[in-house]
Amino acid sequence: MSDFISDGCQDFGRALCVITGASKGFGRELAVQIAGLLKPKSVMLLVARSGKQLAELKDDLVASDGDKSQLVVHCIQADLGKKEGVEKTIRVAKETSAMDIDHLLLINNAASLGDVSRFAMSFTDREEVDAYLSLNVSSVLSLTAGVLQAFPWRHGLRRTVVNVSSLCALKPFPSWVLYCTGKAARDMMFRVLAEEEPDLRVLSYAPGPLDTDMQTQARCYSGDVKIRQSFSSMFAEGRLLTCQESGAKLMRLLLDDDFPSGAHVDFYEL
Amino acid sequence: MAVSKATDLGKALCIITGASKGFGRSLAKEISGLLQPESVLVLVARSGNKLSELQTELDSLVAGKHLVIRCVIADLGLREGVEQVMKSVRELTAVDIDHLLLFNNAASLGDVSRYAQSFENMEEVDSYLSFNVSSALCLTAGVLNAFPRRQGLRRFVVNISSLCAVKPFPSWVLYCTGKAARDMMFRVLAEEDPDLRVLSYAPGPLDTDMQLQARSSSADSNLRQIFTVLHSEGQLLTCEQSISKLLKVLLEDEFSSGAHIDYYDL
């Protein structure tokens with residue numbers, strides 16, 4: 001193992017990198033930053049529901065790469081809220097000829113906020129809760145499992161799994177029952193994975209309050225007045241983070257690679 | 001809010017899921033002794049046979065006390081399950097009670113013979129979470145809607161939790177994930193509704209069927225060994241031991257709402 005841990009790596013090596021929820025917000029930004037840190041002939045699998053936005057992202061990535069690293073980008077249009085979406089993503093990962101990669105990097109970023117306009121007491125509709133957990137928890141476990149099976153442990157292959165987490169994994173937010181529940185579930189799931197597979201590098205990264213569509217939703221619709229107010233003032237005072245600055249910290253963390261596997265690391269701790 | 005220490009749980013509507021065996025079953029028996037006459041005990045489980053056995057036992061245990069016992073045969077793993085329970089609960093809204101107690105006890109261990117890497121089948125994970133997480137939220141929401149806040153009604157929601165809600169156990173990915181999810185869910189509920197009394201209680205390692213499953217099928221050999229030693233050295237707790245601590249916490253009613261309290265903390 002020690003030969004993998006070199007301080008302050010400058011890139012991710014020749015990697016296969018899977019990013020879910022890549023079409024916008026934080027996922028899109030991560031795709032851009034990671035693309036710049038891959039060695040030639042690396043492969044990126046970008047997963048999202050919107051094929052159009054993915055295709056645009058692919059064009060951007062390929063254009064900014066020029067031809068210097070022969071980056072291969074595959075877009076996978078898939079709804080991870082559905083079993084078929086997860087299966088499709090796993091299938092593409094398996095079919096990707098990436099025999100000679102030295103790094104597998106899976107970024108579980110796709111997520112939804114859930115209906116934050118209502119309090120826990122109103123969640124009597126089982127289908128709503130099931131669908132939320134399916135996209136935000138089940139799909140993440142199944143996709144991670146499928147991808148790790150497709151790229152089993154072998155000498156010279158470093159495998160990193162990132163869970164895009166949130167402060168909500170640790171702290172209950174009123175009117176955010178689905179989001180908090182889902183994020184707490186994911187953190188624990190990845191802690192178990194880290195315990196089980198000492199060979200893996202598992203990180204739950206809480207990116208801080210980002211200036212994204214999800215944040216607009218949070219600011220406008222949260223049932224809890226205090227939360228709405230605190231997000232509104234963060235927004236008004238320019239205290240929301242850009243995806244770029246939070247993404248950069250995550251890149252640094254991954255390159256330095258000295259976090260304890262399974263840890264929950266917050267933007268503000270760094 | 002701390003009132004002088006109560007010696008019973010008042011005239012209550014008490015709902016227990018997973019009541020046919022193990023912890024839920026013992027809880028039904030122990031709690032029946034703490035309910036005032038005319039209280040209603042709603043017992044939920046999949047197995048009608050075991051529920052009626054329990055009902056017979058309870059009838060003789062509380063003979064003459066005028067306790068109303070309702071058995072609801074329902075599979076909370078199915079979408080209709082919660083609705084079946086709610087149907088019975090809604091029929092009881094006219095009952096004059098001063099305590100509402102909901103014990104979200106029903107749970108499954110999940111397949112502990114495999115590691116996280118093997119859970120690529122999303123349907124398996126979905127159905128685990130539906131039973132262990134979604135049903136607990138939907139039932140709790142339904143019951144609280146049926147018994148909204150009013151003067152003179154104390155409402156308790158208990159989540160039967162586990163050490164696994166806070167500590168990852170290898171080869172227990174579903175169980176740990178579900179328990180962590182539930183703990184957080186109930187913390188949010190506690191934050192939202194200060195009038196409620198919400199408790200996540202980790203009962204400790206109990207000598208139940210679930211423990212037998214854990215001991216015999218856990219893929220992780222360390223865990224298997226730990227549980228085997230606990231068993232052979234008689235260190236597993238009886239359900240009664242653990243329940244008496246839970247009931248003490250509820251009677252004293254001094255816990256901070258939303259807290260995770262472990263048997264061994266007490």
Side-chain angles (χ1 to χ4, degrees), chain A residues 80 82-83 85-87 90 119-130 132-134 137-149 152 168-197 200 223-224 262, chain B residues 78-83 86 115-130 133-142 144-145 148 164-193 196 219-220 258:
Chain A
L80 294 175
K82 307 265 185 316
K83 181 181 161 57
V86 172
E87 288 171 348
I90 294 173
F119 292 96
M121 252 185 77
S122 72
F123 286 88
T124 52
D125 179 1
R126 178 83 169 258
E127 279 184 46
E128 179 184 11
V129 183
D130 280 348
Y132 185 86
L133 294 177
S134 203
V137 185
S138 308
S139 82
V140 182
L141 176 54
S142 298
L143 179 65
T144 300
V147 170
L148 292 176
Q149 282 177 37
C168 291
L170 310 178
K171 188 176 143 60
F173 280 37
S175 73
W176 286 36
V177 70
L178 293 183
Y179 194 74
C180 292
T181 300
K183 290 298 189 188
R186 288 166 66 131
D187 264 36
M188 177 52 86
M189 200 164 84
F190 286 104
R191 287 173 67 196
V192 174
L193 181 68
E195 284 282 324
E196 290 178 355
E197 312 290 337
L200 285 180
D224 187 79
Chain B
L78 303 175
R79 289 205 171 140
E80 312 81 80
V82 171
E83 202 31 55
M86 284 313 303
Y115 292 99
Q117 273 202 51
S118 72
F119 288 88
E120 82 282 1
N121 179 357
M122 183 151 146
E123 273 170 22
E124 180 183 9
V125 186
D126 276 344
S127 80
Y128 185 85
L129 294 177
S130 186
V133 184
S134 305
S135 83
L137 176 55
C138 294
L139 179 63
T140 301
L144 294 176
N145 281 316
C164 291
V166 289
K167 189 176 145 59
F169 281 33
S171 73
W172 287 35
V173 69
L174 293 182
Y175 194 73
C176 292
T177 301
K179 290 297 188 188
R182 286 166 64 127
D183 264 36
M184 178 52 86
M185 194 166 89
F186 287 103
R187 286 173 68 196
V188 173
L189 181 68
E191 283 284 321
E192 289 179 355
D193 197 341
L196 284 179
D220 186 80

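Computed from a prediction, not measured in an experiment: that's the story for all the values here. In what follows, chains carry the letters A, B, and so on, assigned in the order in which the sequence lines appear, proteins first and then strands, with residues in each chain numbered from 1.
- Under a 4.0 Å N-O distance rule, the pair A:D130/B:R79 qualifies as a salt bridge.
- Using a 4.5 Å cut-off between heavy atoms, A:D224 does not touch chain B at all.
- The contact between B:K167 and chain A is made entirely by backbone atoms, counting heavy-atom distances below 4.5 Å.
- For chain B, no part of A:A194 is nearby; none of its heavy atoms comes within less than 4.5 Å.
- Interface remark: of the candidates B:A116, B:A180, B:C138, B:C138 forms the most heavy-atom pairs closer than 4.5 Å to chain A.
- Contact tally against chain A (heavy-atom pairs below 4.5 Å) for B:E191, B:R182, B:E192: the top residue is B:E192.
- Between A:M188 and B:A165 the shortest heavy-atom distance is CE-O, 3.3 Å.
- Between the side chain of A:R191 and the main chain of B:C176, no donor-acceptor pair closer than 3.5 Å is present.
- Looking at B:N145, its side chain does come within 3.5 Å of a backbone N or O of A:M121 through a donor-acceptor pair.
- In this structure, the portion of B:D193 lying under 4.5 Å from any heavy atom of chain A is its side chain and not its backbone.
- Per-residue heavy-atom pair counts under 4.5 Å with chain B were compared for A:I90, A:L133, A:L178, and the maximum is reached by A:L133.
- In this structure, no portion of A:L143 lies under 4.5 Å from any heavy atom of chain B.
- Only the backbone of A:F173 comes within less than 4.5 Å of a heavy atom of chain B; no side-chain atom from C-beta onward does.
- Interface remark: A:T144 contributes no atoms to any contact with chain B (heavy atom separation under 4.5 Å).
- Of all heavy-atom pairs between B:T177 and A:A185, the closest is CG2-O, 3.5 Å.
- Side chains of A:R126 and B:S135: no donor on one and acceptor on the other come within 3.5 Å.
- Between the CG atom of B:D126 and the OG atom of A:S142 there is a distance of 7.5 Å, given to the nearest 0.5 Å.
- In this structure, chain A has heavy atoms under 4.5 Å from both the backbone and the side chain of B:S130.
- Going from atom CE of B:M122 over to atom NZ of A:K82 covers 8.5 Å, rounded to the nearest 0.5 Å.
- Taking the side chain as every heavy atom from C-beta outward, A:L141 and B:V173 approach each other to under 4.5 Å.
- A:P174 is not listed as a side-chain neighbour of B:V188, based on a closest heavy-atom distance of 4.5 Å or more.
- For chain B, the nearby part of A:V86 is the side chain; its heavy atoms alone come within less than 4.5 Å.
- At most 12 heavy atoms of other shown residues, nucleotides or ligands fall within 6.0 angstrom of atom NZ in A:K171.
- Chosen from B:A190, B:G142, B:S118, the residue pairing most often with chain A at heavy-atom distances under 4.5 Å is B:S118.
- Side chains of A:E197 and B:Q117: a donor-acceptor N/O pair is present below 3.5 angstrom, by distance only.
- For B:F169, the part sitting under 4.5 Å from any heavy atom of chain A is the backbone (N, CA, C, O) and nothing else.
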